[in-house]
Amino acid sequence: MGLIERSKKLDNWLSQWWLDHAYLNFREPVIIHSSPAVIFPQQSYTDLDGQLKFAASVVAGILDFKVMVDNQSLPVDKLGGSPLCMYQYYKILSSCRIPGSRKDSIVTHPADGPDPPKHIVVAHNYKFFSLEVYKDGWTPLTRSEIYQQLCDIVNRSQETSAPVGILTAENRNTWGKIYNQMNKDRTNRAIFSEIQRSIFVLCLDEKISSLPKEEFDNEVGRQLLHGGGSELNSGNRWADKTLQFIVGPNGACGLQYEHAPAEGPPIATLLDHTLTYCDNVCEDVAPVDNQLTPAKRLKFNLIPDVKEAIENAKISIDSMIEDLELQIFKFKLFGKDFVKANKLSPDGFIQVALQLAYFKIYGESCATYESASLRRYQLGRTDTIRSCSTDSDLFLRAMADSDKSNSELVRLMRQAVESHKEYTNMAVFGDGIDRHLLGLKLMAIEWGWNVPDLMMDTAYNISTHFKLSTSQVPAKTDSTLTFGPVVPDGFGVCYNPKSKHINFAVSAFNSSPSTSSMTLSLKLTESLAEMQNILVQGSMSAKL
């Protein structure tokens, strides 16, 4: 009855609990452990001038998207013809996570609120600048004007400074204590407010070391996910900020987002709009006649304790980065068109292939998390699609049995994919089990009761230890989202199915002797090819 009574008092009985439980109470660093990154298609620019021109286009494209957010004229997302809650779109701009010594918070500054923000923050060489992007009221700067301002910022920040931004990659309790200490200083307090209120952060990264072509995608993924370390771009970030657009050299670019306010789909929509805007820019930047107000340098006051904390943060993030193994790759043998042509769900097909890849390595199935959107409901976030099922396990074991006929493998594969589809539908309609069980647990804690005995059972703990944490984030652009594993001995897997290929990102921790993202990537490639072959053989047999 507790959850029913709670649902009568709130628009959504789960949303605030989920925000607190999954994000604001989470005390590990947001870098790698919580905040995803999105890798954009590689751009064609090769020098600093091209980098700044593209960055100017990105800023202009986001401001163009912001018009629809501010006017509440965004087309309503739909799933199966049903409208979805659009609330998350209004939480990704001008918002920021604020660290606490025990629990974090989020602040948002909407366009219809008092004193709405008109600036972005630009990071270059570990220095931060506040740049007004509107003039004469609410007229956005032109692309040429933005470019001129970015050139000025780069010219004013040729030398690096203390990487204060690296503190945001620390353990949340550690960063919260440092933040509270720094916040006592009036100048620092004003800078914190300027960053938190900004529409987004633009990170202009410096060059990374030359890499062989086959390693380029992996290194770009690392730069976007964590900045590459204290000697590279990890200090050129503000990880608390909901949106950081990162424009690096040699066409490498993307974004990192703090996960608390939103899931991937609203981010993907913003990304698609921005990159489409950039692609449609025809004219080159032109000289600007009017005098623009220079960006304001945000210079922190650093006492010895904070300087020491920065040195400690460098050690911490370098250790985290050393522990992460990341593989970004494009599976080119086929894409979602082939799967659809065989009347199968592309998402279900890929999830079964992931199960097969894991089985090839370990000889068993494992608890698997895939995010299911609950945006059919007001303020809905996610539930769990449990991709590991009895049907998927039957297919995996049949694949290991040389006596099974191809027709039997086709039948079992289709059964496994259909089972995944059924569970997905159940989850998105609010009938998944995981968030309801979480609600019972949190209600018991709130009432001072013991948590249900089920949750102390070994089988339950195994079933919630998600060694495969996965997400499909389809985007119109040829982009790839990536994130870290959620358990020490697990994998993080994200994919974007395109018509003729599939983009994958696979992560694992080097400290786990039992996991390797490279091994899983190879087995996943092998599994997808084998499943395609089974379907092709089945189709040929049916024609005979």
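The figures here come from the full heavy-atom set of this structure, side chains too, leaving out hydrogens, waters and symmetry mates. Small disclaimer: the values here were computed from a predicted structure and weren't measured.
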Visitor: Are more than 12 heavy atoms, taken from residues, nucleotides or ligands other than Lys299, located less than 6.0 Å from that residue's NZ atom?
Guide: no

Visitor: Suppose we call two aromatic rings close when their centres sit under 6.0 Å apart. Are Phe300 and Phe192 close by that rule?
Guide: yes

Visitor: With no hydrogens and no angle check, is any side-chain donor or acceptor of Asp185 less than 3.5 Å from a backbone partner on Asn188?
Guide: yes

Visitor: By salt bridge (Lys or Arg N to Asp or Glu O under 4.0 Å), which residues pair with Asp205, not counting sequence neighbours?
Guide: Arg237

Visitor: Looking only at atom types and distance, does a side-chain atom of Asn71 sit under 3.5 Å from a main-chain N or O of Val67, one as donor and one as acceptor?
Guide: yes

Visitor: If the plane angle is over 60° it's perpendicular, under 30° parallel, otherwise tilted; pick one for Trp175 and Trp238.
Guide: perpendicular

Visitor: Donor-acceptor check, side chain of Gln43 to backbone of Pro41, threshold 3.5 angstrom: yes or no?
Guide: yes

Visitor: Is it the case that Ser511 and Asp323 place a side-chain donor and acceptor less than 3.5 Å from each other?
Guide: yes

Visitor: If we ignore angles and hydrogens, is there a donor and acceptor under 3.5 Å between the side chains of Ser15 and Tyr87?
Guide: no

Visitor: If you take all heavy atoms of Pro485 and Ser507, which pair is closest and at what distance?
Guide: CD-OG, 3.3 Å

Visitor: Tell me the closest heavy-atom pair linking Cys366 and Lys467, and the distance in Å.
Guide: SG-CB, 3.9 Å

Visitor: Tell me the closest heavy-atom pair linking Gly221 and Ile39, and the distance in Å.
Guide: CA-CD1, 3.7 Å

Visitor: Knowing that exactly one of Lys296, Glu194, Arg197 qualifies, which makes a side chain to side chain donor-acceptor pair (under 3.5 Å) with Ser130?
Guide: Glu194

Visitor: Tell me, do Cys85 and Tyr377 make a side-chain contact under 4.5 Å, heavy atoms counted?
Guide: no

Visitor: Leu63 versus Leu141: any side-chain heavy-atom pair under 4.5 Å?
Guide: no

Visitor: Just checking, is any N or O donor in the side chain of Tyr369 or Asp434 under 3.5 Å from an acceptor N or O on the other one?
Guide: no

Visitor: Test of understanding: with salt bridge (Lys or Arg N to Asp or Glu O under 4.0 Å), list the residues that count as partners of Asp49, not counting sequence neighbours.
Guide: Lys53

Visitor: Heavy-atom count around Tyr134 OH within 6.0 Å, excluding the residue itself: above 12?
Guide: yes

Visitor: If you measure from the Lys or Arg side-chain nitrogens to the Asp or Glu carboxylate oxygens, is any gap between Lys177 and Glu170 under 4.0 Å?
Guide: no

Visitor: Would you please classify the geometry between the Phe504 ring and the Phe329 ring as parallel, tilted or perpendicular, with 30° and 60° separating the classes?
Guide: parallel

Visitor: Find out whether Ile166 and Ile317 are in side-chain contact, i.e. whether some heavy atom of one side chain is under 4.5 Å from a heavy atom of the other.
Guide: yes

Visitor: Mind checking whether Gln256 and Leu224 have side chains closer than 4.5 Å, heavy atoms only?
Guide: no

Visitor: Taking atom CD of Glu322 as the centre, report whether more than 12 heavy atoms of other residues, nucleotides or ligands fall under 6.0 Å from it.
Guide: no

Visitor: Can a salt bridge be assigned to the pair Glu263 and Arg375 using a cut-off of 4.0 Å between side-chain N and carboxylate O?
Guide: no

Visitor: Please indicate whether Asn450 has more than 12 foreign heavy atoms, meaning atoms of other residues, nucleotides or ligands, lying under 6.0 Å from its CG.
Guide: no

Visitor: Report yes or no: do Thr160 and Asn125 form a side-chain donor-acceptor pair below 3.5 Å?
Guide: no

Visitor: Are Phe200 and Val133 close enough that some pair of their side-chain heavy atoms sits under 4.5 Å apart?
Guide: no

Visitor: Do side-chain atoms of Thr242 reach the backbone of Ser95 as a donor and acceptor pair under 3.5 angstrom?
Guide: yes

Visitor: Which pair of non-hydrogen atoms, one from Arg143 and one from Ala56, has the smallest distance, and what is that distance?
Guide: O-CB, 3.6 Å

Visitor: Got a salt bridge between Asp318 and Lys314, using NZ or NE/NH1/NH2 to carboxylate O under 4.0 Å?
Guide: no

Visitor: Is any side-chain heavy atom of Leu437 closer than 4.5 Å to one of Tyr460?
Guide: yes

Visitor: Around atom CH2 of Trp138, are there more than 12 heavy atoms of other residues, nucleotides or ligands at under 6.0 Å?
Guide: yes

Visitor: Donor-acceptor pairs are to be reported for all side-chain atoms of residues 21-31 against protein atoms at under 3.5 Å, with residues two or more places apart or in another chain.
Guide:
unit_1, atom_1, unit_2, atom_2, d
Tyr23, OH, His259, ND1, 3.4
Asn25, ND2, Asp20, O, 3.2
Arg27, NE, Arg102, O, 3.2
Arg27, NE, Asn173, OD1, 2.7
Arg27, NH1, Leu24, O, 3.0
Arg27, NH1, Asp104, OD1, 3.3
Arg27, NH2, Gly100, O, 2.6
Arg27, NH2, Asp104, OD1, 3.2
Arg27, NH2, Asn173, OD1, 3.2

Visitor: Between Val122 and Leu204, what is the shortest heavy-atom contact and its length?
Guide: CG1-CD1, 3.9 Å

Visitor: For Ile106 and Ala260, which heavy atoms make the closest approach, and how far apart are they?
Guide: CD1-CB, 3.4 Å

Visitor: Could you check if a side-chain atom of Trp18 sits within less than 4.5 angstrom of a side-chain atom of Thr382, using non-hydrogen atoms only?
Guide: yes

Visitor: In terms of heavy-atom contacts, does CD of Gln158 have more than 12 from other residues, nucleotides or ligands at under 6.0 Å?
Guide: yes

Visitor: Do Val69 and Leu74 come close enough that some side-chain heavy atom pair is under 4.5 Å?
Guide: yes

Visitor: State whether a side-chain donor-acceptor pair under 3.5 Å links Glu219 with Gln223.
Guide: yes

